[in-house]
Peer 1: 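This is the structure I want to talk about, given as structure tokens.
The figures that follow rest on heavy atoms only: side chains count, while hydrogens, waters and symmetry mates do not.
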Amino acid sequence: MGTNAILAQTSQRLINNWEYVKGDLGGIWEAVRPVKEGNPEASPVWTKVSLPHCFNALDAVDPDVNYYQGPGWYRTNLNVDNPYQTGRTLLHFEGAGQKTTVYIYNTKVAEHVGGYDEWTADLTDAIEAFKKLPVFKSQFKGKIPLSIRCDNTRDLEMIPSNLSDFNVYGGLYRYVNLIYTPKLYVDKVFAETHTDLKAKSANLNVKIRLADPAGSIGATINCELIDPAGKSVYRYTTKISAGAGDAQLFKTTIKAPKLWSPTTPAMYTLVTSLNNGGETSVKKEKIGFRNFEFVKKGPFMLNGQRLLLQGTHRHEDHAGVAAAMTEDMIRTEMTMMKEMGVNFIRLGHYQQSRIVLDLCDSLGIMVWEEIPWCRGGLGGPIYQEQAKRMLVNMVEQHYNHPGVIIWGLGNENDWPGDFPEFDQEKIRAFMKELNDLSHKLDPGRMTAIRRCDFARDIVDVYSPSIWAGWYRGNYTEYKAVSKEEFDKSDRFLHVEWGGDSHARRHAENPDNALSLIKVGGGADERAGDASLYGGAARVSKDGDWSESYINNLIDWHLKEQETMPWLSGSAFWPFKDFSTPIRPENPVPYVNQKGVVERDFTKKESFYVFQSYWSKTPMAHIYGHSWPVRWGDEGAERMVKVYSNCQEAELFVNGKSYGIRKRNSQDFPAAGLRWQIPMFKGKYTIKVIARSGKTVVTDEITQEYQTEKWGKPATLVLNKVSEENGVATIEVKALDNKNILCLDAINLVEFMLTGDGKLIDNQGTSSGSRKVQLYNGRAIIKVMTQGGSSVAAVKSAGFKTAFLDLR
């Protein structure tokens with residue numbers, strides 16, 4: 001059998017045929033003992049699941065409960081058929097939360113603490129021992145019983161802190177792989193690259209780490225470097241003596257390397273083959289050549305040219321599955337980021353899947369990846385060892401990715417609360433220890449932290465907290481505040497800015513709240529600013545949370561960034577709405593709503609603001625696709641905004657042209673692509689035709705204009721607005737005592753259903769939550785009718801409950 005044929009069998013994702021129990025067992029014996037139907041041993045009841053799977057797929061955003069934090073068990077029976085005579089059988093975890101224990105039958109074989117780094121359990125010896133037991137054939141019919149206990153119980157001596165603004169999820173929420181290897185194999189390859197500024201040459205230094213090397217003398221290693229076009233550019237062969245630790249393999253110089261960049265993410269392939277006693281294993285690594293620099297007191301440079309880092313953030317979280325995102329979901333998300341124009345991402349606030357890192361490399365997205373030392377203070381020796389172990393794992397596991405430029409050491413480490421002691425000097429000392437460790441592991445990349453001013457001098461790159469126009473001040477202060485912070489740091493990068501927006505909520509006068517705000521202190525975020533209670537006036541507490549306001553805030557930031565030549569870049573927080581246990585009273589309960597897309601990938605209007613500044617592909621988008629009804633006086637002029645990266649655009653309203661506007665990024669808002677349109681009661685069809693050279697793009701929406709003035713909301717009305725493929729969409733509207741739609745109503749409503757159907761809720765979206773604030777006097781949710789009859793209801797404090805028959 002050829003090497004490739006063996007390789008095709010050596011790694012297998014274990015997706016199907018799993019069972020799950022939420023909660024703990026009395027012991028491992030309960031997972032494997034013989035069970036007869038109807039007997040006491042049949043309890044607890046196991047549920048069939050597939051991987052990836054998260055304990056908190058739905059309860060993370062259930063408005064009525066705290067999300068589950070505790071143990072859960074998984075089990076499956078493996079067919080084990082290792083093609084290597086003396087090989088090892090391994091279980092490789094891409095990430096599991098948060099403490100994990102692995103059993104073969106009733107034997108514990110491995111434990112791991114930490115929810116975000118990869119790790120491997122060696123099953124070989126336990127499998128061989130189990131095969132000798134009578135139950136191997138009698139009870140398990142020649143299969144190997146695998147049981148796994150995951151546990152996300154609260155633990156102050158673990159990172160991340162439960163004070164963090166995200167859920168600390170539990171479960172096998174990333175892929176688990178069954179891997180067969182020879183006795184001796186290449187565990188890791190470390191490819192260190194250095195590229196000169198003129199790209200005439202690049203140095204490549206390759207080290208390897210062997211697994212289980214004892215007694216395997218005289219193995220042959222072959223290395224081949226293949227360029228992006230598939231051409232072999234370097235080969236190396238050597239015999240290696242077994243030994244512990246990392247072995248230097250070779251150093252070479254590559255002439256005229258093809259450089260990796262966001263526009264041309266050129267990837268080389270390094271193939272390392274190891275032959276030992278007739279058994280061969282192969283490891284393929286993608287690498288890239290690039291030169292980057294954060295200029296001291298200056299901007300960011302890539303391959304000798306200034307590049308503005310246009311960034312966002314990612315949490316591993318999605319509607320209906322929480323952290324258990326499939327590869328297809330992850331690819332969709334990362335491709336959407338690239339479509340928006342992103343060239344940089346901060347992975348907040350923990351190491352993420354190798355799938356994410358691979359996509360960043362291939363799409364051309366630079367990466368700041370960090371360990372989850374996030375909030376709470378500093379724990380004891382166990383806590384600190386975990387943080388250091390995670391840093392080592394992160395650097396070693398993602399060392400070869402050309403997209404990675406920064407290793408993040410912490411986030412908001414100035415936030416106390418988990419320990420009686422909060423000692424800044426001890427935090428500084430540990431930060432320095434992490435910083436030194438990072439540079440020892442990888443001298444070629446920068447270190448960074450966000451928001452811990454008393455440790456800003458320790459790391460290479462620092463990001464203060466600047467939330468101008470949200471948690472503090474006015475968004476027009478952004479440039480001045482950023483320059484002040486820039487002057488305090490050797491290397492400045494602004495990560496985390498923006499604000500919340502309740503999808504589908506719009507405003508005719510979105511900046512009204514700014515009149516209440518004290519100007520100044522745009523970077524002076526304080527404890528409690530994220531709260532909806534007390535303290536100084538701020539948009540986060542006193543604003544309308546409309547998409548209209550956030551579009552203006554983003555628009556202002558992006559137009560200013562074009563006039564800040566000293567700026568290395570920024571990263572908007574975050575790309576997608578995500579669940580959080582500390583925001584139960586948000587318009588969508590338990591959801592941080594700062595994303596430019598909802599938790600199910602539905603784009604908010606702000607996605608297109610970014611695209612109009614960052615994307616090179618011609619686009620045009622009329623603001624208001626999710627704004628069915630505008631309002632005002634009869635004949636009042638209303639602004640129609642178009643977000644576009646084209647040179648000019650022409651607007652048509654009900655077929656009439658309102659003229660051509662030229663795009664000018666400094667003409668706020670909408671880069672000058674705005675029109676004042678007199679509106680009268682009735683329906684409007686609005687169309688834009690935008691041109692960039694010979695390319696023409698168009699967009700069109702329909703809206704209604706309401707001139708009737710409304711009073712206080714008096715009644716709720718529930719209607720079915722559509723049904724497709726057995727899924728009905730129902731909508732509640734708040735009307736005043738004259739049955740006029742109350743377009744500023746933001747009441748919290750609760751949907752209910754009884755009968756044959758099922759609410760599609762606990763999605764953490766504006767249209768998938770049974771408790772949700774109204775957006776412009778309405779809210780929608782979907783119902784799976786399941787071919788039967790149901791009664792839907794909606795209630796809200798101060799209203800009579802409204803009902804609707806669904807047949």
Side-chain angles (χ1 to χ4, degrees), residues 11 13 15 51-52 92-95 116-118 173-177 191 228 258-270 284-290 292 302 307 309-319 321-370 394-395 397-408 445 495 569 571-572 574-576 578 595-597 599-601 603 607 610-611 614-617:
S11 182
R13 277 183 179 166
I15 294 176
L51 301 189
H92 173 253
F93 294 81
E94 295 182 19
Y116 312 103
D117 40 3
E118 298 184 10
Y173 48 61
R174 294 187 194 158
Y175 290 106
V176 178
N177 307 287
K258 295 176 176 63
L259 298 183
W260 184 96
S261 73
T263 51
T264 55
M267 301 287 290
Y268 286 70
T269 305
L270 183 63
K284 293 184 179 181
E285 292 281 321
K286 293 287 189 180
I287 67 171
F289 297 99
R290 80 282 185 272
F292 75 88
L302 182 70
L307 180 70
L309 295 175
Q310 299 169 333
T312 189
H313 291 77
R314 179 183 191 269
H315 264 299
E316 201 148 74
D317 186 59
H318 192 74
V321 299
M325 293 181 68
T326 63
E327 183 169 2
D328 284 345
M329 289 175 180
I330 296 171
R331 182 177 291 107
T332 296
E333 183 170 355
M334 303 306 295
T335 304
M336 287 176 72
M337 290 183 194
K338 189 68 176 180
E339 177 194 346
M340 193 176 82
V342 162
N343 64 21
F344 170 68
I345 187 171
R346 175 173 173 239
L347 300 176
H349 294 292
Y350 40 80
Q351 314 94 296
Q352 295 188 16
S353 164
R354 57 169 56 193
I355 300 167
V356 175
L357 276 295
D358 287 343
L359 284 164
C360 287
D361 288 342
S362 61
L363 291 169
I365 298 175
M366 287 168 285
V367 178
W368 163 338
E369 187 176 30
E370 68 190 32
M394 176 175 72
V395 173
Q397 288 163 9
H398 297 160
Y399 186 90
N400 296 329
H401 292 280
V404 177
I405 58 174
I406 286 174
W407 299 123
R445 290 186 173 98
V495 296
F572 178 86
F575 181 70
K576 187 171 70 176
F578 62 94
V596 298
V597 300
R599 206 165 169 255
D600 62 355
F601 293 144
K603 294 174 184 174
F607 178 93
F610 280 103
Q611 205 175 40
W614 288 357
S615 175
K616 298 293 186 279
T617 304

Peer 1: Which value, rounded to the nearest 0.5 Å, describes the distance between Arg346 atom CZ and Phe572 atom CZ?
Peer 2: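 Going from the CZ atom of Arg346 to the CZ atom of Phe572 covers 14.0 Å.
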Peer 1: Any side-chain heavy atom of Glu370 sitting closer than 4.5 Å to one from Leu347?
Peer 2: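 No, every pair of side-chain atoms sits at 4.5 Å or beyond.
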Peer 1: So, does Tyr350 use its side chain to make a donor-acceptor pair with the main chain of Asp117 at under 3.5 Å?
Peer 2: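 Judged by distance alone, no pair lies under 3.5 Å.
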Peer 1: Assess whether side-chain hydrogen bond (donor to acceptor under 3.5 Å, both in side chains) is satisfied between Gln352 and Arg314, documenting all intermediate values.
Peer 2: CA-CA 9 Å; Gln352 295 188 16; Arg314 179 183 191 269; 2.7 Å; yes
Peer 1: Locate the shortest heavy-atom distance separating Ala571 from Phe344; write the atom from each residue and the value.
Peer 2: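 Result for this residue pair: CB-CE2, 4.0 Å.
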Peer 1: Check whether any side-chain heavy atom of Val367 lies under 4.5 Å from a side-chain heavy atom of Ile406, and answer yes or no.
Peer 2: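 Sidechains of Ile406 and Val367: no contact.
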Peer 1: Taking the side chain as C-beta and beyond, is there a heavy-atom pair between Ser353 and Asp358 under 4.5 Å?
Peer 2: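 Heavy-atom side-chain distance check fails, nothing below 4.5 Å.
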Peer 1: Going by heavy atoms in the side chains, are Trp368 and Val495 under 4.5 Å from each other?
Peer 2: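 Trp368 reaches Val495 side chain to side chain.
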Peer 1: Would you say Thr269's side chain and Lys286's backbone share a donor-acceptor pair under 3.5 angstrom?
Peer 2: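 Such a contact is absent between Thr269 side chain and Lys286 backbone.
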Peer 1: Do side-chain atoms of Thr264 reach the backbone of Ala266 as a donor and acceptor pair under 3.5 angstrom?
Peer 2: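 Side chain of Thr264 to backbone of Ala266: no pair is present.
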Peer 1: Kindly compute the distance separating NZ (Lys616) from OG1 (Thr263), expressed to the nearest 0.5 Å.
Peer 2: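 Those atoms lie 9.0 Å apart.
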Peer 1: Cut-off 3.5 Å, side chains only: do Glu94 and Asn177 have a donor facing an acceptor?
Peer 2: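 A donor-acceptor contact under 3.5 Å links the two side chains.
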Peer 1: Is the shortest side-chain heavy-atom distance between Val342 and Gln310 below 4.5 Å?
Peer 2: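 They are not in side-chain contact.
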Peer 1: Closer than 3.5 angstrom, by distance alone: can the side chain of Asp317 be matched with the main-chain N or O of Ala323 as a donor-acceptor pair?
Peer 2: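 Not a single qualifying donor-acceptor pair exists.
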Peer 1: Tell me if a side-chain donor or acceptor on Glu369 pairs with a main-chain N or O of Gly408 at a distance below 3.5 Å.
Peer 2: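 No, because the side chain of Glu369 does not come within donor-acceptor range (under 3.5 Å) of the backbone of Gly408.
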Peer 1: Between CD1 of Ile405 and CG of Leu302, what distance do you get to the nearest 0.5 Å?
Peer 2: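 Between Ile405 CD1 and Leu302 CG, I get 8.0 Å after rounding to 0.5 Å.
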Peer 1: Quick one: CD on Glu327 to CZ on Arg174, what's the gap to the nearest 0.5 Å?
Peer 2: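 Going from CD on Glu327 over to CZ on Arg174, the span is 13.5 Å.
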Peer 1: Would you say the side chain of Cys360 lies within less than 4.5 Å of the side chain of Ile345, judging by non-hydrogen atoms?
Peer 2: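 Yes. Closest side-chain heavy atoms under 4.5 Å.
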Peer 1: Could you tell me if the ring centre of His318 sits under 6.0 Å from that of Phe578?
Peer 2: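 His318 vs Phe578: aromatic centres not under 6.0 Å.
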Peer 1: Walk me through it: do Asp361 and His401 pass the test side chain to side chain contact (heavy atoms under 4.5 Å, CB included)?
Peer 2: CA-CA 7 Å; Asp361 288 342; His401 292 280; 2.5 Å; yes
Peer 1: Run Met366 and Trp260 through side chain to side chain contact (heavy atoms under 4.5 Å, CB included) and show every step you take.
Peer 2: CA-CA 10 Å; Met366 287 168 285; Trp260 184 96; 3.7 Å; yes
Peer 1: Go through Glu339 and Lys603 one step at a time and tell me if the salt bridge (charged side-chain N to carboxylate O under 4.0 Å, His left out) criterion holds.
Peer 2: CA-CA 12 Å; Glu339 177 194 346; Lys603 294 174 184 174; 2.9 Å; yes
Peer 1: Looking only at side-chain N and O atoms, does His92 offer a donor or acceptor that is under 3.5 Å from a partner on Glu118?
Peer 2: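 Note: Glu118 and His92 side chains meet the donor-acceptor criterion.
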Peer 1: Would you name the heavy atoms of Pro265 and Leu363 that are closest together and state the gap between them?
Peer 2: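 So the minimum-distance heavy-atom pair works out to CG-C, 4.1 Å.
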Peer 1: Please tell me if the side chains of Met325 and Pro52 come closer than 4.5 Å, counting only heavy atoms from C-beta onward.
Peer 2: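 The answer is no, as the side chains (C-beta and beyond) never meet within the 4.5 Å cut-off.
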Peer 1: Nearest 0.5 Å, what's the CG-CD1 distance between Asp328 and Ile355?
Peer 2: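 Asp328 CG to Ile355 CD1: 9.5 Å, rounded to 0.5 Å.
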Peer 1: Please tell me if the side chains of Tyr268 and Pro228 come closer than 4.5 Å, counting only heavy atoms from C-beta onward.
Peer 2: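 Yes, their side chains come closer than 4.5 Å.
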Peer 1: In terms of side-chain geometry, is the basic nitrogen of Arg331 or Glu333 positioned less than 4.0 Å from the acidic oxygen of its partner?
Peer 2: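 Looking at Arg331 and Glu333, the cut-off is not met.
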Peer 1: Please check if the side chain of Arg445 supplies one atom and the backbone of Tyr399 the other of a donor-acceptor pair under 3.5 Å.
Peer 2: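 Answer holds: yes.
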Peer 1: Does the cation-pi check pass for Arg13 over Tyr175, that is, NZ or CZ under 6.0 Å from the six-membered ring centre and within 45° of its axis?
Peer 2: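 Output yes; distance and angle both within limits.
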Peer 1: Between Phe575 and His315, is the ring centre distance below 6.0 Å?
Peer 2: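 No, ring centres 6.0 Å or more apart.
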Peer 1: So, for Val176 and Leu51, which heavy atoms are closest and what is the spacing to 0.1 Å?
Peer 2: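 Here Val176 and Leu51 meet closest at CG2-CD1, 4.0 Å.
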Peer 1: Please assess Met334 against Ile365 for the test side chain to side chain contact (heavy atoms under 4.5 Å, CB included), listing each intermediate value before the final yes or no.
Peer 2: CA-CA 9 Å; Met334 303 306 295; Ile365 298 175; 4.3 Å; yes
Peer 1: Establish, yes or no, whether a centroid distance under 6.0 Å links the rings of His349 and His313.
Peer 2: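 Ring-ring flag for His349/His313: false, centres at least 6.0 Å apart.
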